[in-house]
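Reckoned from all heavy atoms, side chains included, excluding hydrogens, waters and symmetry mates. Numbering starts at 1 and runs along the sequence shown.
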Amino acid sequence: MTDRKFSKHNTANLFRRYAWLVDTIYRKEKITFDEINKLWKRSNLNESEETLPRRTFNNHRQAIEEMFDINIECDKFDDYKYFIENRDDMEKGGISTRLLNSFAVNNLLSDSHKLKNRILYEKIPSGDRYLTTIIEAMREEQTLQMTYHSFWREEPNTFEIEPYCVKIFKQRWYVVAKTPIYEELRTFSLDRIKNLKITEKKFKMPKEFNPETFFDNVFGIVIDEDISPCIVQLKVFGNQRKYMQSLPLHHSQQESEIKENDSIFSYYLSPTFDFKQELLSLGNKIEVISPDWLRKEVYDVMKNGCKMYGEEKINCELRF
């Protein structure tokens with residue numbers, strides 16, 4: 001490995017350690033150095049399972065403050081516990097919060113920390129704060145006590161879940177979990193979680209469960225047992241074809257017919273709510289060819305949308 005490659009590799013590892021340290025203190029709110037070391041010995045980043053020297057810890061604190069304006073302070077009047085001084089600034093989002101999942105630009109940031117104001121991120125709803133807790137519970141196969149406020153309920157509800165996997169979709173994190181309340185697996189949005197903590201109770205992850213297989217025939221995160229997988233055909237017009245060629249809607253996508261002004265794209269999936277929403281977002285850039293029931297549903301929604309704005313005033317070109 002050349003000196004330059006070694007330097008990049010070393011820098012990437014440092015950023016991972018910084019992210020781990022910030023996330024650990026952030027989640028615990030206040031934590032002693034000994035508690036940090038216990039968690040560090042269990043971390044996947046610590047392959048040698050060595051303790052974190054206090055001098056290294058203080059160097060990390062200084063680097064994190066200089067590069068990301070995140071101040072890790074010590075409360076001498078509370079058992080010398082460490083905490084993040086500017087926690088409120090982190091919760092507002094921005095480059096500091098994105099530290100936890102910005103490894104793709106580590107090398108760029110290492111060249112000059114002044115670039116931090118020139119790297120812009122799309123803010124993801126606050127589900128990030130629970131992600132590490134869920135992953136830790138998944139790794140240890142421990143249940144979680146979750147207070148969750150569904151869009152369909154007036155008040156939050158507290159119950160226990162067995163976390164199976166996590167997935168990000170449309171800038172939101174979701175956890176697929178089993179809970180005694182429901183017989184089937186359910187998907188919960190992390191930004192709807194009000195409180196979450198790991199319990200002492202263990203669960204057994206089913207060996208037959210495969211996250212990729214679970215989502216294999218759907219677009220997005222909605223699983224609807226009442227909608228069976230089928231062949232969906234879309235006629236796609238103009239330059240929209242290029243977007244879909246470069247970023248397929250689904251892994252089953254095939255471009256079966258190519259003409260001068262349009263193409264036919266075929267899919268094998270369950271046309272659930274998320275998929276229908278995606279089709280509607282494309283407007284008159286696509287036409288649903290089959291199945292007939294999906295074609296009619298999309299047509300009805302678009303027609304009703306035109307009525308809201310007044311059909312007599314708007315030339316609503318529906319390709320159905």
Original post:
Among all residues two or more places apart in sequence or in another chain, which pass the ring-ring contact (aromatic ring centres under 6.0 Å, His included) test with Y243?
Top reply: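 Per chain and number, Y243 pairs via ring-ring contact (aromatic ring centres under 6.0 Å, His included) with no residue.
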Original post:
What pairs with Y82 under ring-ring contact (aromatic ring centres under 6.0 Å, His included), at least two apart in sequence or on another chain?
Top reply: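 Scan of Y82 (ring-ring contact (aromatic ring centres under 6.0 Å, His included), adjacent residues dropped) gives F57.
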Results of side-chain hydrogen bond (donor to acceptor under 3.5 Å, both in side chains) for [X] - residues two or more places apart only:
| X | answer |
| --- | --- |
| Q240 | none |
| Q62 | E66 |
| T143 | T199 |

Rounded at 0.5 Å granularity, tell me how far [atom1] in [X] sits from [atom2] in [Y].
| X | Y | atom1 | atom2 | answer |
| --- | --- | --- | --- | --- |
| I64 | Y18 | CD1 | OH | 7.0 Å |
| Y26 | I31 | OH | CD1 | 15.0 Å |
| F83 | E85 | CZ | CD | 6.0 Å |
| H60 | I72 | NE2 | CD1 | 10.0 Å |

Subject >> salt bridge (Lys or Arg N to Asp or Glu O under 4.0 Å): pairs with one or both residues in residues 256-283, sequence neighbours excluded >> reply: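 Output for this query lists K170-E278, K276-E297.
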Original post:
Going by the salt bridge (Lys or Arg N to Asp or Glu O under 4.0 Å) test, which pairs reach into residues 139-151, not counting sequence neighbours?
Top reply: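 Of all non-adjacent pairs touching residues 139-151, those that pass salt bridge (Lys or Arg N to Asp or Glu O under 4.0 Å) are R42-E140.
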Counting only heavy atoms not in [X], do more than 12 fall under 6.0 Å of its [atom1]?
| X | atom1 | value |
| --- | --- | --- |
| K81 | NZ | yes |
| Q254 | CD | no |
| K38 | NZ | no |

Original post:
Is there a donor in the side chain of H251 and an acceptor in the side chain of D216, or the other way round, less than 3.5 Å apart?
Top reply: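 Indeed, the side chains of H251 and D216 share at least one donor-acceptor pair under 3.5 Å.
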Subject >> Modelled atom types, side-chain donor and acceptor of N58 and R61, under 3.5 Å >> reply: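 There is such a pair (donor and acceptor under 3.5 Å, judged by atom type) between the side chains of N58 and R61.
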Original post:
Per the ring pair (Phe, Tyr, Trp, His ring centres under 6.0 Å) rule, which among F219, Y174, F215 passes with F169?
Top reply: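 One option only clears the test, and that one is F219.
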Could you check whether any side-chain heavy atom of [X] comes within less than 4.5 Å of a side-chain heavy atom of [Y], counting everything from C-beta outward?
| X | Y | value |
| --- | --- | --- |
| W20 | I36 | yes |
| K167 | V176 | no |
| F275 | V222 | no |
| S228 | S270 | no |
| K28 | L39 | yes |
| R17 | W40 | yes |
| I264 | L234 | no |

**OP:** Let me see the working for K296 and D300 under salt bridge (charged side-chain N to carboxylate O under 4.0 Å, His left out), right down to the final yes or no.
**Re:** CA-CA 6 Å; K296 184 177 187 306; D300 288 341; 2.9 Å; yes
**OP:** May I ask you to list the residues sharing a hydrophobic cluster with Y268, side-chain cutoff 4.5 Å, ordered by chain and number?
**Re:**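 Its cluster partners, ordered by chain and number, are I231.
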If you look only at distance, which donor and acceptor atoms sit under 3.5 Å apart when one is on a side chain in residues 154-166 and the other is two or more places apart or in another chain?
from, atom 1, to, atom 2, distance (Å)
T158, OG1, T147, OG1, 2.8
E160, OE1, K201, NZ, 3.3

**OP:** Sorted by first residue and then second, give each ring pair (Phe, Tyr, Trp, His ring centres under 6.0 Å) pair with at least one member in residues 132-152; sequence neighbours left out.
**Re:**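 Listed once each, the pairs are Y148-F188.
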Original post:
Can you list the residues that meet the salt bridge (Lys or Arg N to Asp or Glu O under 4.0 Å) rule with E29, with sequence neighbours excluded?
Top reply: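 Counting only residues at least two positions away or on another chain, E29 forms a salt bridge (Lys or Arg N to Asp or Glu O under 4.0 Å) with R87.
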Subject >> Non-neighbouring partners of D79 that pass salt bridge (Lys or Arg N to Asp or Glu O under 4.0 Å), sequence neighbours left out >> reply: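 So D79 forms no salt bridge (Lys or Arg N to Asp or Glu O under 4.0 Å) with any residue.
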Subject >> Minimum-distance pair of heavy atoms, taken over all atoms of L190 and V175 >> reply: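 Distance-wise, the nearest heavy atoms are CD1-N, 3.6 Å.
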